[in-house]
Amino acid sequence: MKDYFKRILTLALFVAAIFTFSTNASAQEPVNISNVKNSVLFVVDCSNSMNSNDSDRLVCEIIKMFADGARLTNTEIGLLTYNDSILLKRGFFSVSDESALNSFKADVDSMSRFGSTDIGLALNYGMDMFDENAEGRRAVALISDGVTDLTYTRTGRDYNDSLYDENSALEKAKKLHAPIYSFGVNVDDMEYLRKISSASNGKLYSDADYSKLALTLLKDAIGVTFETGGAIGGGAITFASPLAKFGETVVLLWHGGAAHTGANIAYDSRKYLCAVTSGESWTFSADAAPSFAHFMKIKPAVTPIDDVYAPEVTIDARLLDEHGNDLPLFYEGASAELTLENMTDGQTTVLTMENSGTSFAALYHNDKPGPFNISVSVSGSAFSARSDDLAVGFSNNSPVFTDDFDKTFLKRNKPREYNLNDYFKDPDGEPLTFSISEQNDAVTIQAEKLIISSSEALSRSFSVTASDARGAATAGDFTINVVPFLLYYKNAIIILAFIAFALFVTYIALGKNRPDNPKLSAGDVKFVDSRFEGYFLNTLSGREIPVLNWNAALIDNKRYVSLGDLLDMMDVPEKLPEARKIFFEAGHNNALIVRHMTDCIVTFNKKDIPRGKKEILHHDDKLYITFEDHATEIEFRYKRAKRTLPR
C-alpha cells in the first residue's frame, strides 16, 4: 500500500510541475500571479504495454488532477494520444470552461491502449498543434512507458522515420520555446526520455528526484504556492483556506478510493477530488489516510529596519511568496496591522498600517528602547495572513559632549550667555534639555542658555547634564573663573606694551640714521638743485658709452622720472626696456626715492633692493644696477646741482 501511494503522489506532482514550464528549464525564474497565458499539451502513450505498466490508469487521474489544479489560472490544455499512429487529438481549451473541462475528462477516461509506439510521430504532430503566433508560454508533457518500438507496426514506418520526426519536433520545440517534460511510467532505462527533454530545454522527472522539484516548479509557474500535506489519518480534518485568487482557493486531495465526505467538492473521481472554496476553512472526512495539496498562504514580511536609533522609525511590510517575490495583485482592498511586543515589560502596541498599493507602512515612535518582537497581520477580501516575528532591538544614542567649557570672565561684568547646544549634540537629532549640578546666582540655566553673572571674583567647576526626550543623558564638566580687570587682560597688556616698545626703538633707530628721513611718498615735491650722473661700467654690445650727465635743466620741476626716460634724453643706443621700470621720485629735503619692478640687481650701500621696495638716496649716494641681460652695468650717482653765479 505504501508503494502504491508513493507512485500516485509522485505522478501527481509530476503533472502539476508541467504547469511550471519555462524557456530555460535549468534556471527556473519565479513567476508572480499574472494573466500570462499558459499552453500545456499532454502527449500520452496509449500503446499496448501501458495496459500493464499503468494497470490502475493513474495517468488518467493525474492528467485530470492537473487540469483541476490549474482552474484559477490563465491556462489552456490540449490532449494527443498515440501508439504507432495518432489516436486522439483534442485542441486547446481553457480550464476555466467547466463544460469543456468535463468533456476533456471524459476523453481522458475513455483512452484505449493497444498497438506499438512511435514517439517521434506523436511529438512532431503535437508541435504543430501550437499557435506559433500566440503570446504566452508553451510546454509539452510527454508520458510514456518506454522508447519508440515499431517491431509489430502495420503503418510501414520504421525507426529512421520516427527519428526523423523526432528531430523535426525538437527543432520546432526550440523555435516555439516549448520545453518537453518527460515522465517514464515504470521505465527502468530513462536515457531515451532524458535525451528528448534535454534537447528541448525541458526536464525528465523520476521517482528519485521529482519529489524535490515539483513544488518549487509549481510555485514558480502560478505565483502562489501549492502546499502538500502527508497522510492525514482517518476522521475529519479542518484547515484554513490560506489564499484565494479571485476570491477562491483550490484544494486537491488524493483519497485513493477510500470512503470520504467534504464540502464544496467541484470534482470527485475514483482516486482524487478537487474542492473550490471561498470560505475561510474547508472540512474533509475520510476512513483512510489521504494526502492533499492546496494553495499556500501569502506570507507578509517585515522589511529589516536599518536605523533602530531614530526617534521615529518607519516600518514597512510586503506581501511575498516563498521566493521573496512581491505579489502586487493582493494589495487592493487589503488592510494591515503592525504589532510590536515589548519583550522587557510585555506591553503590546498595535498600529494600523497604510496601504500604498505596493507595500504597507506605519510610523513607530521609538520612545521605549529595548528588545521587541514585530509582526504584521494582513487581511484581504479573500485571505488573511500573518508574518513571522522579527526581533528588533530598538535603541537610543546618548547625547555627546562635544567641546570643553573653560571660561574666564570680567568682574562686575554684564551677564554672559552661552548656547549649550554648541557644547552638546544628539546623534539622533532630538532636542535636548539641560540641568546643572549646582544652580545659584552666579550660574543658571534657562532653556538651552547657560547664564553666568558675578560681581565677585570666584573660580568654580560644575557639571551640566544634557538629556534627550527618551531619557538618555550625558554630563559635561564646566569651569568658570571671574577675575579682576588687570588680571583678566594681563596677557593683552603685556603684548601691547611689547609692541609699543618695539615701535619706539625702531623710531629712534631710524631717526638716528636718517635725520632728514623723508616720507616715502613726496606728494607734490619736485626735483630741485639736483642732478644725475650715469657711468656704464659694461655693456652687452661692447660699446663704450660716455659719462651721462643730467643737469638741473632736464629734471628741475619734475616730480617723477624713470631711468628709461633719462636714457632716452641722452640717446643711449643700448636696448634696456627694463629701465622703464626703474623709478626715481623726488622726496623732501632733496631726497631721492628709488623703486624698481624688474629682475635687475639694484644695489645700494652693498645691499640689494628687493623688487617693489622703496629705498631713499641723498646727494652723493650711488646706485649700482646690473640689467636683466646680466652684462650691462651702470653706476648711477645722485648729485647736488652746480649753480652758475650771475655776472
Open item on the list: Using a 3.5 Å distance criterion without hydrogens, assess whether the side chain of Arg138 forms a donor-acceptor pair with backbone atoms of Met127.
Closed with: no

Open item on the list: Please tell me whether Thr433 and Ser467 have a donor and an acceptor in their side chains that are separated by less than 3.5 angstrom.
Closed with: no

- [ ] For the residue pair Asn342 and Leu340, establish whether any side-chain heavy-atom pair is separated by less than 4.5 Å.
- [x] no

Task: Pair Ser377-Glu337, side-chain donor/acceptor within less than 3.5 Å - done: no

Open item on the list: Is the terminal nitrogen or CZ of Arg194 (NZ for Lys, CZ for Arg) located under 6.0 angstrom from the six-membered ring centre of Tyr192 and within 45° of that ring's axis?
Closed with: no

- [ ] Report yes or no: is the cationic atom of Lys105 (NZ for Lys, CZ for Arg) closer than 6.0 Å to the six-membered ring centre of Tyr267, at no more than 45° off its axis?
- [x] yes

TODO: Taking the side chain as every heavy atom from C-beta outward, state whether Leu420 and Ile445 have any atom pair closer than 4.5 Å.
DONE: yes

TODO: With sequence neighbours excluded, give me every salt bridge (Lys or Arg N to Asp or Glu O under 4.0 Å) pair touching residues 387-399.
DONE: Lys299-Asp388, Arg386-Asp389

- [ ] Assign the ring pair Tyr423 / Tyr418 to parallel, tilted or perpendicular, where the plane angle (0 to 90°) is split at 30° and 60°.
- [x] perpendicular

TODO: Hey, could you give me the OG/CG distance between Ser94 and Asn74, rounded to the nearest 0.5 Å?
DONE: 6.5 Å

- [ ] Any chance you could measure Thr75, atom OG1, to Phe92, atom CZ, to the nearest 0.5 Å?
- [x] 11.5 Å

Open item on the list: Tell me the closest heavy-atom pair linking Leu176 and Glu132, and the distance in Å.
Closed with: CD2-CB, 3.4 Å

